[in-house]
J.: 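Okay, here's the structure, questions in a sec.
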Amino acid sequence: MKKNKDNDRVIFTKQMKKDYTILMPTMLPIHMRLLEKTFKLHGYKVVLLETNNQNIVDEGLKNVHNDTCYPALLVIGQLLDALHNGGYDINKTALIITQTGGGCRASNYIHLLRKALKQGGMGHIPVISLNISGLEKNPGFKLTLALTVQLIYAVIYGDLLTWLANQTRPYEINSGETDRLVVKWEDRLSEEYKKAVNLRLAKIKSNMVEITKDFATIQKRNEKKIRVGVVGEIYIKYAPLGNNNLEKFLADEGCEVVVPGLLDFLIFKADNRVDDVNIYGGSKIKKYLINKFIDFMLYLQRTMKKIIEENSSYVPVTQYRELRGLITNDYVGYGNKMGEGWLLTAEMLDLCHMGVNNIVCTQPFGCLPNHIAGKGMIRKIKENYPSSNIVAIDYDPGATKVNQENRIKLMLANAKEISSAQ
Ligand code: SF4
């Protein structure tokens with residue numbers, strides 16, 4: 001087994017790319033399915049894990065130190081659960097995990113995972129780092145320009161599908177129609193990816209128009225539901241495994257869920273690199289290239305907003321620059337960039353501006369940065385936006401689902417009271 005001299009890690013080789021199955025942990029269901037299909041088109045045998053069971057938590061508790069962030073425990077637990085119970089040949093299996101490259105512990109989940117593998121006698125399994133900071137390299141896995149661009153398109157499509165589906169599903173007259181449309185587009189987009197000609201910007205734009213029009217034609221009931229925003233640490237906010245199926249719970253309670261997109265987080269992370277060069281110095285070329293990358297993502301986001309506005313009556317997405325502009329001196333500063341940093345505060349402010357006053361702020365155990373930018377900002381937001389109705393919910397292996405749901409129900413009772421008084 002080929003090992004890297006620097007840190008003794010197992011290298012993912014070109015030969016492995018041909019033979020190995022690569023297991024990828026879950027996070028956002030729609031986005032991740034598109035990402036999985038994108039990787040497959042580039043020759044990687046990626047399998048997205050969509051498991052959700054108690055053994056995942058137990059594996060995490062057994063193999064990750066219990067003062068580590070809850071998302072690390074779940075991500076590592078899910079991968080180990082798959083290795084033990086998924087029927088994969090552990091001599092032909094690799095794992096893939098993200099590394100943010102920032103100062104937060106998300107850069108180090110990969111080392112915790114390798115330690116857990118070693119302790120469990122599976123130290124020979126290669127772990128691929130998915131990052132845009134050039135942190136670890138493997139000859140068998142390359143984030144080429146083509147793959148990177150396609151992954152970004154998958155994110156933008158994922159954001160659009162999720163955004164429109166969330167505004168449609170609670171009101172659909174024919175049950176299941178929204179979800180069927182999502183699946184139809186997932187299949188169509190991944191099929192189109194096979195031809196390079198479909199990666200032209202003009203095609204991406206025309207697809208976005210078609211998607212928006214398709215959702216707009218779904219027959220909806222003319223009723224008003226309570227809108228509830230979901231913000232927080234990225235994994236717990238998005239992953240049903242992390243937040244005990246929060247979106248489903250809110251939908252069952254008769255709410256419309258409003259969840260900010262993933263693209264903002266990617267732009268935020270890239271923007272942080274620019275701030276680093278501005279504050280601490282660094283390569284001007286790197287700053288130039290990152291700015292180009294940011295401009296491209298901002299352009300796609302602008303385009304998406306315009307298309308939604310021009311082709312439907314859906315609420316459009318907010319632009320990253322507008323979010324950044326919401327951070328005034330009352331709140332955390334731009335230097336606060338660990339975890340979701342100021343973006344988390346900005347997302348709560350944005351929801352208040354959109355009239356989505358009811359907000360669940362999801363907080364994982366062990367996550368100090370998001371407690372500061374999330375829970376820590378709630379009092380100030382309530383002072384500045386008196387009609388805001390925000391509840392912070394902690395997620396950890398010991399927190400009971402019933403307790404979490406009861407606290408959310410209390411917030412919803414307030415929301416209903418306010419809405420009936422209006
Ligand atoms: S953002 Fe929070 S949960 Fe995520 S790595 Fe940082 S401390 Fe852990």
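By convention here, the first residue in the shown sequence is residue 1. Note that ligands are numbered from 1 as they come in the structure, with each ligand's atoms numbered from 1 the same way. A quick note: this is a predicted structure, and the numbers were derived from the prediction, not measured. What you see below is based on every heavy atom in this structure, not just the backbone, and it leaves out hydrogens, waters and symmetry mates.
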J.: Any heavy atom of Tyr109 sitting closer than 4.0 Å to ligand 1?
T.: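 The answer is yes, since Tyr109 has a heavy atom less than 4.0 Å from ligand 1.
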J.: Using a 6.0 Å distance limit plus a 45 degree cone around the ring axis, check whether Lys17 lies over the aromatic ring of Phe12.
T.: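 Checked: cation-pi criterion not met.
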J.: Do Glu405 and Lys401 meet the salt-bridge criterion of a basic N to acidic O distance under 4.0 Å?
T.: yes
J.: So, are Arg114 and Glu136 salt-bridged, with charged N and O less than 4.0 Å apart?
T.: yes
J.: May I have the step-by-step check of salt bridge (charged side-chain N to carboxylate O under 4.0 Å, His left out) for Lys203 and Glu192, ending in yes or no?
T.: CA-CA 10 Å; Lys203 180 66 184 166; Glu192 281 185 359; 3.6 Å; yes
J.: If we only look closer than 2.8 Å, how many protein N, O or S atoms does atom 6 (Fe) of ligand 1 have near it?
T.: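 Step by step: take atom 6 (Fe) of ligand 1, keep protein N, O, S below 2.8 Å, and you get 1.
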J.: Taking NZ, NE, NH1 and NH2 as the nitrogens, is one of them in Lys40 or Glu36 under 4.0 Å from a carboxylate oxygen of the other?
T.: yes
J.: Less than 4.0 angstrom from a charged side-chain N to a carboxylate O is my criterion; do Lys337 and Asp276 meet it?
T.: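 Counted as a salt bridge, because a side-chain N and a carboxylate O are separated by less than 4.0 Å.
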